[in-house]
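All remarks here apply to the structure that follows.
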Amino acid sequence: MADPFRERTRRLQQRLLGVGASGAVFFPSPNCYYLSGFREEPMERHLLVFVPADGDPAIVAPDLYADQLADETWIDQIETYPDGGDPVALVREIGAELGISEGRLLLDPTMWARFTLDLRTAFPAATFELVEDVLAELRMSKDEAELASMETASEAADEVMERVRRLGPDAVGMTEADLAGWIRDELLERGQEVSFEVVVGSGPNGAKPHHRHGDRHIESGDPVVLDFGVRVDGYPSDMTRTVVFDGEPPGEFETAHDVVALAQDAAVNAVEPGVPAERIDELARERIEEAGFGDAFVHRTGHGIGLEVHEPPYIVSGNDMELEPGMVFSVEPGIYLTDAFGVRIEDLVVVTEDGGRRLNHVSRDWRV
Ligand code: CO
(Lines give C-alpha, C1' and ligand atoms only; values in the text may rest on other atoms or scores of the structure.)
Protein backbone atom coordinates (compact mmCIF):
# COMPACT_ATOMS: atom_id res chain seq x y z
CA MET A 1 0.00 0.00 0.00
CA ALA A 2 1.25 3.47 -0.87
CA ASP A 3 2.01 5.75 2.07
CA PRO A 4 -1.51 6.59 3.25
CA PHE A 5 -0.44 10.01 4.56
CA ARG A 6 1.03 11.04 1.24
CA GLU A 7 -2.06 9.75 -0.57
CA ARG A 8 -4.41 11.73 1.72
CA THR A 9 -2.39 14.89 1.12
CA ARG A 10 -2.60 14.33 -2.62
CA ARG A 11 -6.37 14.01 -2.35
CA LEU A 12 -6.58 17.17 -0.25
CA GLN A 13 -4.55 19.03 -2.90
CA GLN A 14 -7.02 17.96 -5.60
CA ARG A 15 -9.82 19.39 -3.51
CA LEU A 16 -7.92 22.61 -2.83
CA LEU A 17 -7.52 23.08 -6.56
CA GLY A 18 -11.20 22.25 -6.99
CA VAL A 19 -12.33 25.00 -4.60
CA GLY A 20 -9.80 27.51 -5.93
CA ALA A 21 -7.71 27.75 -2.75
CA SER A 22 -3.99 28.45 -2.93
CA GLY A 23 -3.22 26.11 -0.04
CA ALA A 24 -3.92 25.01 3.52
CA VAL A 25 -2.01 25.44 6.78
CA PHE A 26 -2.09 23.04 9.74
CA PHE A 27 -0.72 23.04 13.24
CA PRO A 28 -0.43 20.08 15.65
CA SER A 29 -3.89 18.47 15.52
CA PRO A 30 -5.67 15.34 14.28
CA ASN A 31 -5.76 16.96 10.81
CA CYS A 32 -2.00 17.44 10.92
CA TYR A 33 -1.45 13.79 11.84
CA TYR A 34 -3.93 12.64 9.19
CA LEU A 35 -1.89 14.28 6.45
CA SER A 36 1.70 14.25 7.67
CA GLY A 37 1.96 11.25 10.00
CA PHE A 38 3.42 13.58 12.63
CA ARG A 39 1.67 13.61 15.99
CA GLU A 40 2.20 16.26 18.64
CA GLU A 41 0.24 18.30 21.14
CA PRO A 42 -0.31 21.99 20.39
CA MET A 43 2.37 24.18 21.95
CA GLU A 44 3.54 27.79 22.09
CA ARG A 45 6.27 27.38 19.44
CA HIS A 46 5.44 27.72 15.74
CA LEU A 47 5.04 24.30 14.14
CA LEU A 48 3.13 24.72 10.91
CA VAL A 49 2.49 22.39 7.98
CA PHE A 50 1.99 24.15 4.64
CA VAL A 51 0.15 22.28 1.91
CA PRO A 52 0.04 24.20 -1.39
CA ALA A 53 -2.74 23.30 -3.82
CA ASP A 54 0.00 22.40 -6.25
CA GLY A 55 3.52 21.16 -5.42
CA ASP A 56 5.18 19.62 -2.38
CA PRO A 57 4.23 20.51 1.20
CA ALA A 58 6.70 21.96 3.71
CA ILE A 59 6.93 22.17 7.48
CA VAL A 60 8.20 25.09 9.58
CA ALA A 61 9.28 23.84 13.00
CA PRO A 62 11.55 24.55 15.95
CA ASP A 63 15.07 23.10 15.63
CA LEU A 64 14.43 20.64 18.42
CA TYR A 65 11.84 18.79 16.29
CA ALA A 66 14.15 18.21 13.32
CA ASP A 67 14.96 14.55 14.06
CA GLN A 68 11.48 13.61 15.20
CA LEU A 69 9.93 15.08 12.05
CA ALA A 70 12.46 13.38 9.81
CA ASP A 71 11.47 10.04 11.40
CA GLU A 72 7.70 10.49 11.49
CA THR A 73 6.61 12.33 8.36
CA TRP A 74 6.95 11.66 4.66
CA ILE A 75 7.21 15.40 4.03
CA ASP A 76 10.79 16.12 2.93
CA GLN A 77 11.04 19.86 3.24
CA ILE A 78 11.45 20.69 6.92
CA GLU A 79 12.60 24.23 7.68
CA THR A 80 13.65 24.77 11.25
CA TYR A 81 14.45 27.82 13.35
CA PRO A 82 16.34 28.10 16.66
CA ASP A 83 14.79 29.24 19.94
CA GLY A 84 15.11 33.01 19.80
CA GLY A 85 14.86 32.98 15.99
CA ASP A 86 12.14 34.63 13.92
CA PRO A 87 9.60 31.99 12.84
CA VAL A 88 7.36 34.58 11.16
CA ALA A 89 10.16 35.62 8.80
CA LEU A 90 10.70 31.96 7.95
CA VAL A 91 6.96 31.48 7.40
CA ARG A 92 6.93 34.46 5.01
CA GLU A 93 9.85 33.00 3.07
CA ILE A 94 8.37 29.49 2.78
CA GLY A 95 4.95 30.89 1.86
CA ALA A 96 6.48 32.83 -1.05
CA GLU A 97 8.44 29.77 -2.15
CA LEU A 98 5.30 27.55 -2.13
CA GLY A 99 3.18 30.19 -3.84
CA ILE A 100 0.64 30.49 -1.06
CA SER A 101 1.27 34.02 0.19
CA GLU A 102 -1.67 35.30 -1.86
CA GLY A 103 -5.15 34.03 -2.63
CA ARG A 104 -7.38 31.91 -0.40
CA LEU A 105 -5.59 30.11 2.38
CA LEU A 106 -7.54 27.49 4.34
CA LEU A 107 -6.62 27.08 8.01
CA ASP A 108 -6.81 24.19 10.46
CA PRO A 109 -10.00 25.04 12.43
CA THR A 110 -8.41 24.41 15.82
CA MET A 111 -5.33 26.53 15.11
CA TRP A 112 -4.57 28.87 18.00
CA ALA A 113 -5.34 32.53 17.34
CA ARG A 114 -1.71 33.57 17.91
CA PHE A 115 -0.59 31.53 14.90
CA THR A 116 -3.52 32.71 12.79
CA LEU A 117 -2.58 36.31 13.52
CA ASP A 118 1.05 35.61 12.60
CA LEU A 119 -0.09 34.12 9.29
CA ARG A 120 -2.08 37.29 8.63
CA THR A 121 1.04 39.32 9.33
CA ALA A 122 3.22 37.10 7.13
CA PHE A 123 0.73 37.02 4.22
CA PRO A 124 -1.06 40.41 4.10
CA ALA A 125 -2.34 39.74 0.55
CA ALA A 126 -4.02 36.43 1.42
CA THR A 127 -7.59 35.82 2.59
CA PHE A 128 -8.26 33.26 5.29
CA GLU A 129 -10.97 30.63 5.66
CA LEU A 130 -11.30 27.30 7.44
CA VAL A 131 -10.30 24.03 5.80
CA GLU A 132 -13.03 22.25 7.70
CA ASP A 133 -15.47 21.06 5.01
CA VAL A 134 -12.82 20.23 2.45
CA LEU A 135 -10.94 18.00 4.86
CA ALA A 136 -13.94 16.63 6.78
CA GLU A 137 -15.20 15.03 3.56
CA LEU A 138 -11.89 13.27 3.14
CA ARG A 139 -11.62 12.20 6.74
CA MET A 140 -15.13 10.76 6.76
CA SER A 141 -14.22 8.13 4.21
CA LYS A 142 -11.75 5.81 5.93
CA ASP A 143 -8.97 4.21 3.94
CA GLU A 144 -7.70 0.65 4.38
CA ALA A 145 -5.10 1.56 6.98
CA GLU A 146 -7.66 3.41 9.08
CA LEU A 147 -10.25 0.64 8.83
CA ALA A 148 -7.66 -1.95 9.84
CA SER A 149 -6.75 0.07 12.96
CA MET A 150 -10.39 0.57 13.93
CA GLU A 151 -11.17 -3.13 13.44
CA THR A 152 -8.28 -4.07 15.73
CA ALA A 153 -9.35 -1.45 18.28
CA SER A 154 -12.92 -2.78 18.18
CA GLU A 155 -11.77 -6.40 18.59
CA ALA A 156 -9.83 -5.28 21.66
CA ALA A 157 -12.93 -3.61 23.13
CA ASP A 158 -14.98 -6.74 22.39
CA GLU A 159 -12.44 -8.93 24.19
CA VAL A 160 -12.49 -6.69 27.22
CA MET A 161 -16.31 -6.63 27.26
CA GLU A 162 -16.30 -10.41 27.13
CA ARG A 163 -14.00 -10.49 30.15
CA VAL A 164 -16.21 -7.99 32.00
CA ARG A 165 -19.27 -10.13 31.35
CA ARG A 166 -17.48 -13.12 32.80
CA LEU A 167 -17.07 -11.30 36.11
CA GLY A 168 -20.75 -12.09 36.73
CA PRO A 169 -21.61 -11.94 40.44
CA ASP A 170 -17.98 -11.01 41.24
CA ALA A 171 -18.73 -7.49 39.96
CA VAL A 172 -21.38 -7.02 42.66
CA GLY A 173 -19.90 -5.01 45.52
CA MET A 174 -17.22 -3.40 43.37
CA THR A 175 -17.45 0.37 43.07
CA GLU A 176 -17.97 1.84 39.63
CA ALA A 177 -14.50 3.36 39.90
CA ASP A 178 -12.95 -0.04 40.75
CA LEU A 179 -14.60 -1.69 37.77
CA ALA A 180 -13.67 1.24 35.50
CA GLY A 181 -10.04 0.90 36.62
CA TRP A 182 -10.10 -2.83 35.95
CA ILE A 183 -11.52 -2.21 32.47
CA ARG A 184 -8.96 0.49 31.82
CA ASP A 185 -6.09 -1.88 32.67
CA GLU A 186 -7.52 -4.54 30.35
CA LEU A 187 -7.87 -1.99 27.55
CA LEU A 188 -4.32 -0.73 27.97
CA GLU A 189 -3.00 -4.27 27.59
CA ARG A 190 -4.47 -4.20 24.09
CA GLY A 191 -3.92 -0.63 22.89
CA GLN A 192 -2.11 2.62 23.54
CA GLU A 193 -4.63 4.75 25.40
CA VAL A 194 -8.30 4.65 26.33
CA SER A 195 -10.58 6.38 23.82
CA PHE A 196 -12.17 8.35 26.68
CA GLU A 197 -12.70 7.94 30.42
CA VAL A 198 -14.36 4.55 30.94
CA VAL A 199 -18.11 4.75 31.71
CA VAL A 200 -19.56 2.50 34.40
CA GLY A 201 -23.06 3.74 35.26
CA SER A 202 -24.74 1.47 37.79
CA GLY A 203 -28.42 1.59 38.76
CA PRO A 204 -29.68 5.21 38.79
CA ASN A 205 -26.28 6.50 37.59
CA GLY A 206 -26.90 4.74 34.28
CA ALA A 207 -29.75 7.19 33.67
CA LYS A 208 -27.21 10.01 33.25
CA PRO A 209 -25.77 9.52 29.76
CA HIS A 210 -22.58 11.46 30.60
CA HIS A 211 -21.90 9.86 33.97
CA ARG A 212 -18.34 8.47 33.95
CA HIS A 213 -17.91 6.50 37.17
CA GLY A 214 -18.17 7.20 40.87
CA ASP A 215 -17.99 5.58 44.30
CA ARG A 216 -21.32 3.80 44.13
CA HIS A 217 -21.12 0.08 44.83
CA ILE A 218 -22.66 -2.14 42.17
CA GLU A 219 -25.64 -3.95 43.69
CA SER A 220 -27.36 -7.19 42.80
CA GLY A 221 -30.07 -6.46 40.21
CA ASP A 222 -28.43 -3.22 39.01
CA PRO A 223 -28.47 -2.58 35.30
CA VAL A 224 -24.94 -1.32 34.55
CA VAL A 225 -24.12 0.78 31.49
CA LEU A 226 -20.56 0.03 30.29
CA ASP A 227 -19.16 2.32 27.59
CA PHE A 228 -15.50 2.25 26.62
CA GLY A 229 -12.88 1.93 23.91
CA VAL A 230 -9.15 1.92 23.26
CA ARG A 231 -6.93 3.47 20.62
CA VAL A 232 -4.84 1.36 18.25
CA ASP A 233 -2.43 3.31 15.99
CA GLY A 234 -4.28 6.47 17.00
CA TYR A 235 -7.72 5.13 16.05
CA PRO A 236 -10.32 4.59 18.79
CA SER A 237 -13.01 2.02 19.39
CA ASP A 238 -16.24 2.93 21.19
CA MET A 239 -18.86 0.46 22.33
CA THR A 240 -21.57 0.15 24.97
CA ARG A 241 -23.37 -2.74 26.61
CA THR A 242 -25.87 -2.70 29.46
CA VAL A 243 -25.65 -5.75 31.68
CA VAL A 244 -27.00 -7.12 34.95
CA PHE A 245 -24.18 -8.98 36.71
CA ASP A 246 -26.40 -10.81 39.17
CA GLY A 247 -29.94 -10.90 40.54
CA GLU A 248 -33.23 -9.57 39.18
CA PRO A 249 -33.32 -6.19 37.43
CA PRO A 250 -36.08 -3.61 38.09
CA GLY A 251 -39.51 -4.25 36.56
CA GLU A 252 -39.34 -2.10 33.44
CA PHE A 253 -35.76 -2.94 32.61
CA GLU A 254 -36.25 -5.99 30.44
CA THR A 255 -38.81 -4.22 28.24
CA ALA A 256 -36.60 -1.15 27.93
CA HIS A 257 -33.59 -3.26 26.99
CA ASP A 258 -35.61 -5.19 24.38
CA VAL A 259 -36.77 -1.90 22.85
CA VAL A 260 -33.25 -0.46 22.67
CA ALA A 261 -31.93 -3.69 21.12
CA LEU A 262 -34.73 -3.60 18.54
CA ALA A 263 -34.09 0.07 17.78
CA GLN A 264 -30.37 -0.54 17.43
CA ASP A 265 -30.93 -3.47 15.06
CA ALA A 266 -33.39 -1.48 12.94
CA ALA A 267 -30.90 1.37 12.61
CA VAL A 268 -27.87 -0.83 11.88
CA ASN A 269 -29.77 -2.92 9.34
CA ALA A 270 -30.75 0.20 7.40
CA VAL A 271 -27.14 1.31 6.88
CA GLU A 272 -26.19 1.41 3.20
CA PRO A 273 -24.75 3.91 0.75
CA GLY A 274 -27.20 6.63 -0.27
CA VAL A 275 -29.29 6.56 2.92
CA PRO A 276 -29.39 9.98 4.63
CA ALA A 277 -27.71 9.97 8.06
CA GLU A 278 -30.89 11.32 9.68
CA ARG A 279 -32.86 8.31 8.42
CA ILE A 280 -30.74 6.03 10.64
CA ASP A 281 -31.58 8.23 13.62
CA GLU A 282 -35.25 8.27 12.69
CA LEU A 283 -35.46 4.47 12.46
CA ALA A 284 -34.02 4.02 15.95
CA ARG A 285 -36.21 6.80 17.36
CA GLU A 286 -39.40 5.43 15.86
CA ARG A 287 -38.97 2.08 17.63
CA ILE A 288 -38.37 3.78 20.96
CA GLU A 289 -41.29 6.20 20.52
CA GLU A 290 -43.67 3.41 19.51
CA ALA A 291 -42.83 1.64 22.77
CA GLY A 292 -43.68 4.81 24.73
CA PHE A 293 -40.11 5.69 25.73
CA GLY A 294 -39.64 8.57 23.28
CA ASP A 295 -38.98 11.19 25.97
CA ALA A 296 -36.32 8.97 27.52
CA PHE A 297 -34.10 8.85 24.39
CA VAL A 298 -32.35 12.14 25.01
CA HIS A 299 -29.49 12.16 22.51
CA ARG A 300 -28.70 11.64 18.82
CA THR A 301 -28.35 8.05 17.60
CA GLY A 302 -24.66 8.23 16.76
CA HIS A 303 -21.49 10.00 15.77
CA GLY A 304 -18.78 9.49 13.20
CA ILE A 305 -15.49 8.25 14.60
CA GLY A 306 -11.91 8.34 13.34
CA LEU A 307 -8.90 10.19 14.66
CA GLU A 308 -11.45 11.94 16.86
CA VAL A 309 -13.99 9.98 18.90
CA HIS A 310 -16.72 12.41 17.80
CA GLU A 311 -16.47 13.67 14.22
CA PRO A 312 -18.73 13.81 11.16
CA PRO A 313 -20.99 12.26 10.06
CA TYR A 314 -23.40 12.82 12.94
CA ILE A 315 -26.38 10.47 12.96
CA VAL A 316 -28.91 13.06 13.93
CA SER A 317 -32.19 14.58 12.80
CA GLY A 318 -31.48 17.41 10.33
CA ASN A 319 -28.39 15.81 8.81
CA ASP A 320 -29.42 14.79 5.29
CA MET A 321 -25.88 13.82 4.26
CA GLU A 322 -25.98 10.56 2.33
CA LEU A 323 -23.93 7.67 3.71
CA GLU A 324 -20.96 6.58 1.61
CA PRO A 325 -18.73 3.51 1.67
CA GLY A 326 -15.88 3.88 4.16
CA MET A 327 -17.78 6.00 6.67
CA VAL A 328 -17.61 4.69 10.24
CA PHE A 329 -20.01 5.77 12.96
CA SER A 330 -21.65 4.61 16.16
CA VAL A 331 -25.25 3.47 16.44
CA GLU A 332 -26.14 3.90 20.09
CA PRO A 333 -29.77 4.43 21.00
CA GLY A 334 -30.64 4.56 24.69
CA ILE A 335 -33.42 4.89 27.22
CA TYR A 336 -32.76 6.85 30.42
CA LEU A 337 -35.25 6.65 33.28
CA THR A 338 -34.31 9.24 35.90
CA ASP A 339 -33.55 7.85 39.37
CA ALA A 340 -34.04 4.28 38.09
CA PHE A 341 -31.63 3.05 35.39
CA GLY A 342 -30.32 3.57 31.89
CA VAL A 343 -29.96 1.32 28.87
CA ARG A 344 -27.66 1.95 25.92
CA ILE A 345 -26.34 -0.40 23.26
CA GLU A 346 -23.61 0.86 20.96
CA ASP A 347 -21.71 -0.68 18.08
CA LEU A 348 -19.49 0.92 15.48
CA VAL A 349 -20.69 0.36 11.94
CA VAL A 350 -18.74 0.77 8.71
CA VAL A 351 -20.61 1.56 5.51
CA THR A 352 -19.70 -1.01 2.84
CA GLU A 353 -20.38 -0.98 -0.92
CA ASP A 354 -23.80 -2.55 -0.45
CA GLY A 355 -24.74 -2.21 3.21
CA GLY A 356 -23.23 -1.86 6.65
CA ARG A 357 -21.00 -4.02 8.82
CA ARG A 358 -20.70 -3.96 12.59
CA LEU A 359 -17.22 -3.72 14.04
CA ASN A 360 -18.41 -5.06 17.41
CA HIS A 361 -19.55 -8.63 17.80
CA VAL A 362 -19.66 -9.35 21.52
CA SER A 363 -23.11 -10.37 22.84
CA ARG A 364 -25.63 -7.56 23.30
CA ASP A 365 -27.67 -9.56 25.82
CA TRP A 366 -28.10 -7.98 29.26
CA ARG A 367 -27.76 -11.36 30.92
CA VAL A 368 -24.09 -12.12 31.46
CO1 CO B 1 -20.07 6.68 21.22
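Order of appearance sets the numbers: ligands from 1, and atoms from 1 within every ligand. Predicted, not measured: the structure shown is a model, and the values here were computed from it. The basis for the numbers below is simple: all heavy atoms, side chains too, and nothing from hydrogens, waters or symmetry mates.
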Would the distance check show the side chain of Q264 and the main-chain N or O of V331 forming a donor-acceptor pair, the cut-off being under 3.5 Å? yes
Report yes or no: does D238 have an N/O/S atom closer than 2.8 Å to the Co ion (ligand 1)? yes
Parallel, tilted or perpendicular: which describes the rings of F253 and W366, with under 30° parallel and over 60° perpendicular? perpendicular
M321 and P313: which non-hydrogen atoms are nearest, and at how many Å? SD-CB, 3.9 Å
Among T116, L48, V49, L47, the one residue meeting side-chain contact (heavy atoms from CB on, under 4.5 Å) with F27: L48
Which atom name would you report as the N, O or S atom of E346 nearest the Co ion (ligand 1)? OE2
Looking at E332, the N/O/S atom that lies nearest to the Co ion (ligand 1) is called OE2
The Co ion (ligand 1) to H303: any N/O/S contact under 2.8 Å? yes
